[in-house]
Amino acid sequence: MSTVVPHRADLRLTPGRRLLTALAVYAARRLARKPPAHIRTVLTRLRKGARPATYAEAQTAREAVLAVSLRCAGPEGCLPRSLATVLLCRAGGTWPAWVVGVRARPPFGAHAWVEAEGRMVDEEAGPEYFRALFTVPAARSAGAEQNLGKTSGTSKQQ
């Protein structure tokens with residue numbers, strides 16, 4: 001999406017939280033250079049052992065990412081922003097769903113976002129604006145993992 005996300009320079013982070021967030025942003029920027037299948041594989045492994053993030057936890061992580069990275073807040077920052085958000089949540093033991101999709105109507109545009117509690121976290125456009133292509137949801141029990149391909153919220157479970 002080509003909108004600019006408001007930068008959160010006013011958000012107060014402890015030095016430790018700022019460092020952890022900066023590390024998540026750095027890792028996200030490196031990961032964002034990889035092919036989508038590689039990103040998905042890495043995230044699928046990282047999510048193991050994490051509990052599903054609440055909306056508030058995912059929102060707090062996203063705000064921290066925006067506070068330390070102008071690039072993530074920029075118009076082309078959705079991929080590193082969403083990756084940094086899930087990595088920061090994972091560092092805290094939680095996992096929001098990471099979703100990649102496209103605009104539902106022309107013009108074509110790819111987008112990446114996070115969801116928690118079945119809702120997009122702080123996205124300007126509503127869920128009807130996008131079609132999810134794939135999702136890395138919170139890890140589930142072995143039985144639930146076999147039900148891949150069913151939809152929940154705006155995400156396509158895969």
**Student:** Whether R103 engages the ring of F130 as a cation-pi pair (distance to the six-membered ring centre under 6.0 angstrom, angle to the ring normal within 45°) should be assessed.
**Tutor:** no
**Student:** Just wondering, do L43 and L83 contact through their side chains at under 4.5 Å, heavy atoms?
**Tutor:** yes
**Student:** Output yes when a side-chain donor or acceptor of T21 lies under 3.5 Å from a complementary backbone atom of R17, and no otherwise.
**Tutor:** yes
**Student:** If you compare all heavy atoms of A28 against all heavy atoms of P80, which two are closest, and at what distance to 0.1 Å?
**Tutor:** CB-O, 3.5 Å
**Student:** Closest approach of C72 and S69, non-hydrogen atoms and distance?
**Tutor:** N-OG, 3.0 Å
**Student:** Is it the case that the side chain of S82 and the backbone of L79 share a donor-acceptor pair, with hydrogens and angles ignored and the cut-off at 3.5 Å?
**Tutor:** yes
**Student:** Below 4.5 Å, heavy atoms only, C-beta onward: do P137 and R47 meet side chain to side chain?
**Tutor:** yes
**Student:** Quick check: closest heavy atoms across K48 and A139, and the distance to 0.1 Å?
**Tutor:** CA-CB, 4.3 Å
**Student:** So, R90 side chain and L46 main chain: donor-acceptor pair closer than 3.5 Å or not?
**Tutor:** yes
**Student:** Of all the heavy-atom pairs spanning D122 and Q59, show the shortest one and how long it is.
**Tutor:** OD1-NE2, 3.0 Å
**Student:** Does CZ belonging to R105 count more than 12 external heavy atoms closer than 6.0 Å?
**Tutor:** no
**Student:** Less than 4.5 Å apart, any side-chain heavy atom of V102 and any of H111?
**Tutor:** no
**Student:** Are P96 and V86 side-chain neighbours, meaning at least one heavy-atom pair lies under 4.5 Å?
**Tutor:** yes
**Student:** Compute whether any side-chain donor of one residue and acceptor of the other, for T54 and E57, lie under 3.5 angstrom apart.
**Tutor:** yes
**Student:** Decide yes or no for W98 and T85: does some side-chain heavy atom of the first lie under 4.5 Å from some side-chain heavy atom of the second?
**Tutor:** no
**Student:** Please say yes or no: joined through hydrophobic side-chain contacts below 4.5 Å, possibly via intermediate residues, are Y26 and L31 part of one cluster?
**Tutor:** no
**Student:** Taking all atoms of both residues into account, what is the closest heavy-atom pair of A22 and V68, and its distance?
**Tutor:** N-CG2, 4.3 Å
**Student:** With a 4.5 Å cut-off on side-chain heavy atoms, are W95 and C89 touching?
**Tutor:** no
**Student:** Kindly indicate whether the side chain of T14, heavy atoms from C-beta on, has any atom under 4.5 Å from the side chain of R18.
**Tutor:** no
**Student:** Can you name the closest pair of heavy atoms from L87 and A24 and give their distance?
**Tutor:** CD1-O, 3.8 Å
